[in-house]
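Right, one structure below, let's go through it.
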Amino acid sequence: MPFAIVMHAPGGPDVLKFEEVSVPLPQSHEVVVCHAAIGVNFHDVYVRSGAYKTLELPGVLGIEAAGVVEAVGADVTDFRPGDRVAYVTKSYGAYAEKRVIGQESLVLLPPNVSDEVAAAIFMKGLTAQVLIEQVYRVKKGDWVLVHAAAGGVGLLLCQWARHLGARVIGTVGTPRKAEAALAAGCESVILYREEDFIARVLDITAGEGVQVAYDSVGKDTFFGSLKCLAPCGHLANFGQASGAVEPFEVSQLFPKSNSLSRPNVMEYLRTPTKLREAAASLFDALSANIIQAGEIQSISLRDAAQAHTELESRERTASLVLKP
Ligand SMILES: NC(=O)c1ccc[n+]([C@@H]2O[C@H](COP(=O)([O-])OP(=O)(O)OC[C@H]3O[C@@H](n4cnc5c(N)ncnc54)[C@H](OP(=O)(O)O)[C@@H]3O)[C@@H](O)[C@H]2O)c1
């Protein structure tokens with residue numbers, strides 16, 4: 001029987017157990033994917049810790065992977081055994097050697113995209129695509145604020161926004177991360193654990209503020225991000241690495257006519273057509289060198305707990321992938 005990382009209760013990284021699991025036969029529209037590389041996302045930390053109660057327990061974490069189709073159900077038309085694929089899914093189960101999944105979650109991998117690169121950037125790159133091309137369309141000359149700019153999604157956002165001609169301001173936790181954010185196209189980088197990022201953003205933009213703030217940090221930055229917005233600027237709060245945002249009065253948006261979104265990327269990818277269009281845009285951006293996957297650190301699937309400890313440590317800039 002194949003192995004997977006099973007969690008029986010929420011908690012610290014040590015709740016992640018390497019156990020044997022059964023893999024059922026694929027039903028009509030399902031395929032069996034044998035994983036070659038599995039993506040590790042901050043979302044997995046929220047689910048493991050219990051901040052998100054979206055995984056039925058006991059259950060297998062993980063929302064994305066790349067691998068090879070091993071078997072297909074009777075009504076699968078889009079994929080054949082041997083196809084190289086990647087997927088993102090709301091139904092979890094990626095921290096496993098192999099799994100069954102509906103064909104609607106899969107895309108074919110282009111030959112120039114390796115399994116490791118796909119697992120490292122598929123979900124993060126789709127998130128960047130949705131934020132930059134759908135939630136708020138970044139335009140030439142826009143001031144763009146990216147929090148956690150040296151994180152997985154952050155580095156991709158900075159590169160993509162810079163390519164579009166935006167002027168990108170990044171916030172980061174450490175000087176080493178500042179170097180990574182500058183290399184990814186940030187014009188200015190703020191060490192937001194030491195400096196007042198609101199004052200710095202207003203200073204850098206000569207008092208104007210930013211047209212869009214991409215905020216995945218949540219609790220610690222949300223209200224500051226609102227203060228950084230230009231008139232008619234948009235705040236996309238797409239994560240809560242520091243904790244959930246406190247409730248607030250919608251009327252706070254009125255004085256500068258600001259707008260706010262709390263995007264769930266999976267809703268932008270909810271049909272096979274939407275997923276494949278976003279994936280094509282992502283793979284094009286990768287091929288054209290608009291974005292680069294950067295450093296990728298591989299960790300054995302059985303050591304998934306170590307990957308979580310590293311992700312939560314805030315020390316690293318490399319993307320993490322699990323290898324079965
Ligand atoms: N809405 C969606 O559908 C969607 C989809 C994908 C990802 N996301 C979100 O996007 C964000 C980025 O995901 P990722 O996988 O690429 O992670 P990541 O950015 O590589 O890691 C999270 C970063 O958040 C920063 N951070 C700030 N406060 C923190 C705290 N108290 N604890 C830990 N980290 C803290 C850290 O950067 P510094 O050290 O530089 O502060 C850390 O590196 C996550 O919040 C994730 O939930 C949302």
Side-chain angles (χ1 to χ4, degrees), residues 13 38-49 51-52 54 61-64 88-90 94 119-132 134-136 145-159 169-182 184 186 189-195 197 213-222 224-225 235-245 260-270 274-275 278 282 291 293-297 307-322:
I38 299 153
V40 179
N41 291 281
F42 215 82
H43 179 92
D44 309 342
V45 172
Y46 302 143
V47 177
R48 191 217 67 222
S49 67
Y52 287 178
T54 39
L61 274 183
I63 53 174
E64 71 171 333
V88 290
T89 178
K90 284 198 278 194
I121 69 144
F122 196 49
M123 180 60 187
K124 298 171 189 72
L126 290 173
T127 303
Q129 194 278 340
V130 164
L131 290 170
I132 277 194
Q134 301 190 57
V135 171
Y136 173 89
L145 174 63
V146 178
H147 286 302
V153 177
L155 285 172
L156 298 172
L157 280 173
C158 294
Q159 294 174 71
I169 304 168
T171 65
V172 294
T174 64
R176 195 167 69 84
K177 288 187 174 187
E179 284 171 28
L182 285 169
C186 284
V189 179
I190 302 167
L191 292 168
Y192 61 170
R193 285 151 89 174
E194 296 166 20
E195 302 173 273
F197 76 83
Y214 292 117
D215 187 340
S216 65
V217 173
K219 188 179 167 80
D220 289 352
T221 49
F222 180 87
S225 296
L235 169 55
N237 168 223
F238 69 101
Q240 50 177 50
S242 65
V245 173
L260 168 70
S261 58
R262 181 56 172 102
N264 175 347
V265 169
M266 294 307 292
E267 295 305 314
Y268 286 81
L269 309 174
R270 66 188 178 278
K274 288 177 191 297
L275 171 65
L282 169 63
I291 54 167
E295 192 190 341
I296 298 172
Q297 183 185 346
H308 276 226
T309 302
E310 293 210 11
L311 190 53
E312 285 177 285
S313 75
R314 300 177 72 169
E315 291 305 318
R316 117 247 83 80
T317 54
S319 294
L320 298 169
V321 300
L322 300 174

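Indexing begins at 1, ligand by ligand and atom by atom, following the structure's order.
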Is R262 in polar range of ligand 1, meaning some N or O pair under 3.5 Å apart? no

In terms of atom number and element, which parts of ligand 1 are under 4.0 angstrom from non-hydrogen atoms of A148? 23 (C), 24 (O), 25 (C), 37 (O)

Nearest option to atom 32 (N) of ligand 1, as decided by whichever heavy atom of A241, S313, S319, A178 sits closest: A241

Please indicate whether any nitrogen or oxygen in F238 is less than 3.5 Å from any nitrogen or oxygen in ligand 1. yes

Regarding ligand 1, does V217 bring an N or O atom to under 3.5 Å of one of the ligand's N or O atoms? no

Roughly how far, to the nearest 0.5 Å, is the OG atom of S261 from the CZ atom of F238? 10.0 Å

Would a distance-only check, ignoring hydrogens and angles, find a side-chain to backbone donor-acceptor pair under 3.5 Å from N237 to G239? yes

Contact atoms of ligand 1, heavy-atom distance to V153 under 4.0 Å: 12 (C), 13 (O), 16 (O)

Short N/O distance, under 3.5 Å, between G173 and ligand 1? yes

Looking only at N/O atoms, are Y46 and ligand 1 under 3.5 Å apart anywhere? yes

For K177, the ligand 1 atoms with a heavy-atom partner under 4.0 Å come out as 37 (O), 38 (P), 39 (O), 40 (O), 43 (O)

Passing option when V189 is tested against V146, V172, I169 for side-chain contact (heavy atoms from CB on, under 4.5 Å): V172

So, the side chain of T317 versus the backbone of K177: is there a donor-acceptor pair under 3.5 Å, distance only? no

Taking distance alone, with no angle check, do Y192 and ligand 1 share an N/O pair under 3.5 Å? yes

Please verify whether a non-hydrogen atom of N264 lies at under 4.0 Å from ligand 1. yes

Measure from the side-chain N and O atoms of Y46 to the backbone N and O of Q240, and report whether any donor-acceptor pair falls under 3.5 Å. yes

Near V172, which atoms of ligand 1 are under 4.0 Å from a heavy atom of that residue? 40 (O)

Kindly say whether D220 contributes a backbone atom to a donor-acceptor pair with the side chain of S242 at under 3.5 angstrom? yes

If every non-hydrogen atom of A180 is compared with every non-hydrogen atom of A150, which pair is closest and at what distance? CB-CB, 4.2 Å

Numbering as shown, the atoms of ligand 1 that approach N41 to under 4.0 Å (heavy-atom distance): 15 (O)

Measure from the side-chain N and O atoms of E64 to the backbone N and O of M123, and report whether any donor-acceptor pair falls under 3.5 Å. yes

For R316, is the nearest heavy atom under 4.0 Å from an atom of ligand 1? yes

Going by the atom numbers of ligand 1, which of them fall below 4.0 Å from some non-hydrogen atom of P263? 1 (N), 2 (C), 3 (O)

Out of A149, G125, G152, S242, the nearest non-hydrogen contact to atom 18 (P) of ligand 1 is supplied by G152

Between K90 and E267, is there a salt bridge with N-O shorter than 4.0 Å? yes

Write down the atom of P263, the atom of V135, and the distance for their closest heavy-atom approach. CB-CG2, 3.9 Å

Just which atoms of ligand 1 are under 4.0 Å from any heavy atom in G151? 18 (P), 19 (O), 20 (O)

Shortest non-hydrogen contact from L155 to A184? CD2-CB, 3.7 Å

Which residue and heavy atom of the protein sit nearest atom 15 (O) of ligand 1, plus the separation: F42 N, 2.9 Å

Near G239 (heavy-atom distance under 4.0 Å), the atoms of ligand 1 are 45 (O)

With nothing but distance in play, are any N or O atoms of M123 less than 3.5 Å from an N or O of ligand 1? no

Tell me the protein heavy atom at minimum distance from atom 6 (C) of ligand 1, and give that distance in Å. T127 OG1, 3.2 Å

Closest heavy-atom pair and its distance - L269, V130: CD2-CG2, 4.2 Å

With a 4.0 Å heavy-atom cut-off (strictly under), which part of V265 contacts ligand 1: side chain, backbone, both or neither? both

Is there at least one pair of N or O atoms, one from R314 and one from ligand 1, spaced under 3.5 Å apart? yes

Within-cut-off N or O pair, S216 and ligand 1, under 3.5 Å: yes

Qualifying residue, where the test is side-chain contact (heavy atoms from CB on, under 4.5 Å) with T127 and the options are I132, V153, N41, L157: V153

Side-chain (Y268) to main-chain (Q134) donor-acceptor, under 3.5 angstrom: no

